[in-house]
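For reference, the structure discussed in these notes is given below.
These values consider heavy atoms only, across backbone and side chains, with no hydrogens, waters or symmetry-generated copies.
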Amino acid sequence: MEEHRLSLRMSTLVFTLSIIIIVLSYPAQPLALNHSPKFLGKFAATARTHSNSEPPPQFHYEKRYFQQRLDHFSFSELPTFPQRYLISTEHWVGPHRLGPIFFYCGNEGDIEWFAQNTGFVWEIAPRFGAMVVFPEHRYYGESVPYGSAEEAYKNATTLSYLTAEQALADFSVLITYLKHNYSAKDCPVVLFGGSYGGMLAAWMRLKYPHIAVGALASSAPILQFEDIVPPETFYDLVSNAFKRESFTCFNYIKQSWNEIASTGQTNNGLELLTKTFNLCQKLKRTKDLYDWAEAAYSYLAMVNYPYPAEFMMTLPEHPIREVCRRIDGGPAGTSILERIYEGVNVYYNYTGEAKCFELDDDPHGMSGWEWQACTEMVMPMSSSQESSMFPPYEYNYTSIQAECLKKFGVKPRPRWITTEFGGHVRE
């Protein structure tokens, strides 16, 4: 009878997750910001760094550390590093009842940030009597090798162990340790992840099928490689989100790029842009402002929830609707740039707490993504003249390769991910 109940509970878990995967994966889009090789990027929480009112933690867990090998794929005696992980056994029914382990694959940032914004995992844990584990991705947050981020990010040699393959091995070793430590050998593991973490969850299920019974990979752009999907897809979908709210708003944004460029070329143009967009420091080039505004629009499309949220920023319900309301609602005589500032302000300063804006903040320690994007995470993206509200841009691998050589002294490997993890079958 007990075995029947356990089987029924696991069947319910698998069925529930299957439905959720269908619901979540359909509208979700990959995270992408600008034409340089970035993912989450450096603009994710600019305003919050100026806030003194961080919300209290919503969920409760213990912080622990596990000593990981720096290189799982050689037998060299390299130093280990402390991998931080967050764990909660509050609702776990224990190994005798085969309580599952819900394991979130950590993204490219501080793991507490993701743990506090992944409510779904916490909400279903009591229902399934699950242990919850949030491991931090190597080289992010507190999980840095070589004793400090400064040393870990020093050069291509020290960064060479920052790969998806090594991260998946970290997760697998940690799961094996936890199962042994909690006498939970037979307890099923279900992987969770969103965006890059979703990619890791999907890939881990493929590469380590004996470790986990399933994976919920939400917003996981695992096909955004090597011409598998059209490179214009992401920016077209972001643009459509604004066009659906207001074609006028869409057009104002589309016109604003030329307005920024032409203003920046005039005498004192950069000073004028600095003042108009309330920047903390004088703008040095218009591209930085392009990237800043482009990041806001892209993130807004990704967190365009029908309810207030605080994942990337403190935002109202239907934030794109609010952006377009402000852009369209300027009184007669309002310039395009003034309208754009009012709209972008919804993303960067909805609370009104930011006094000015820094264009180079990295509040969640995600700069390691530049290395990953310059090595194996090469995701082609373009912006079309016809259907995009962003400046037209053709993906150019040669220019990205030159940028990566200049920054890190390495050449990207654009075909490695599909070689390692697979893509569409080619005839």
Item to check | Side chain to side chain, F102 and I124, heavy atoms closer than 4.5 Å | outcome: yes
Item to check | Heavy-atom pair of closest approach, residues C249 and F242 | outcome: SG-CD2, 4.3 Å
Item to check | Short side-chain donor-acceptor distance under 3.5 Å, D236 and S239 | outcome: no
Checklist entry - Closest approach of I327 and G343, non-hydrogen atoms and distance? => result CG1-CA, 3.8 Å
Checklist entry - Within a radius of less than 6.0 Å around CD of Q255, do more than 12 heavy atoms belonging to other residues, nucleotides or ligands occur? => result yes
Item to check | Aromatic ring proximity Y177/F66, centre distance under 6.0 Å | outcome: yes
Item to check | Worked verdict on F311 versus W113 for ring pair (Phe, Tyr, Trp, His ring centres under 6.0 Å) | outcome: CA-CA 8 Å; F311 179 36; W113 182 44; 5.2 Å; yes
Next on the checklist: Please determine whether the number of non-hydrogen atoms from other residues, nucleotides or ligands lying under 6.0 Å from atom CG of N267 exceeds 12.
Outcome noted: no
Checklist entry - So, S388 side chain and Q385 main chain: donor-acceptor pair closer than 3.5 Å or not? => result no
Item to check | With I211, the side chain to side chain contact (heavy atoms under 4.5 Å, CB included) member among L168, I175, V173 | outcome: I175
Checklist entry - Are the side chains of N107 and S195 in touch, meaning some heavy atoms are under 4.5 Å apart? => result yes
Item to check | E245 bridged to R321 by N-O distance under 4.0 Å | outcome: yes
Item to check | Evaluation steps, ring pair (Phe, Tyr, Trp, His ring centres under 6.0 Å), between F103 and F171 | outcome: CA-CA 9 Å; F103 192 90; F171 296 159; 5.7 Å; yes
Item to check | Main-chain N/O of G330 paired to E342 side chain as donor or acceptor, under 3.5 Å | outcome: no
Next on the checklist: For a salt bridge (Lys or Arg N to Asp or Glu O under 4.0 Å) check, start with the C-alpha distance between E403 and K407, then their side-chain angles and the critical distance, and finish with the verdict.
Outcome noted: CA-CA 6 Å; E403 182 179 345; K407 188 171 184 64; over 6 Å; no
Checklist entry - Angle class for the F421/W203 ring planes (parallel below 30°, perpendicular above 60°, tilted otherwise)? => result parallel
Checklist entry - Quick one: does Q166's side chain get under 4.5 Å of F73's, heavy atoms only? => result yes
Checklist entry - How far apart are the closest heavy atoms of E358 and C280, and which atoms are they? => result OE2-CB, 3.5 Å
Item to check | Spatial distance of atom CD (E165) from atom CE (M204) [nearest 0.5 Å] | outcome: 13.5 Å
Next on the checklist: What verdict does the ring pair (Phe, Tyr, Trp, His ring centres under 6.0 Å) test give for F134 and W122, after you've listed the backbone C-alpha separation in whole Å, the side-chain angles of each residue and the deciding distance to 0.1 Å?
Outcome noted: CA-CA 11 Å; F134 277 77; W122 300 100; 5.5 Å; yes
Next on the checklist: If the test is side chain to side chain donor-acceptor pair (under 3.5 Å), which one of H137, Q68, R64 qualifies with Q83?
Outcome noted: Q68
Item to check | Modelled atom types, side-chain donor and acceptor of E338 and S335, under 3.5 Å | outcome: yes
Next on the checklist: Determine whether a donor-acceptor pair (N or O, by modelled atom type, separation under 3.5 Å) exists between the side chain of T314 and the backbone of E310.
Outcome noted: no
Checklist entry - Can a salt bridge be assigned to the pair D288 and K284 using a cut-off of 4.0 Å between side-chain N and carboxylate O? => result no
Checklist entry - Considering residues at least two apart in sequence or located in another chain, which fulfil the salt bridge (Lys or Arg N to Asp or Glu O under 4.0 Å) criterion with E142? => result R84
Checklist entry - Below 6.0 angstrom between ring centroids: does that apply to W292 and Y348? => result yes
Next on the checklist: Once ring pair (Phe, Tyr, Trp, His ring centres under 6.0 Å) is applied, do any residues pair with Y397, and if so which ones, sequence neighbours excluded?
Outcome noted: none
Checklist entry - Is the shortest heavy-atom distance from the side chain of F277 to the side chain of L337 under 4.5 Å? => result yes
Item to check | Check: D71 side chain, L78 main-chain N or O, donor-acceptor pair, under 3.5 Å | outcome: no
Checklist entry - Could you give the distance from CE (M131) to NZ (K179), rounded to the nearest 0.5 Å? => result 10.0 Å
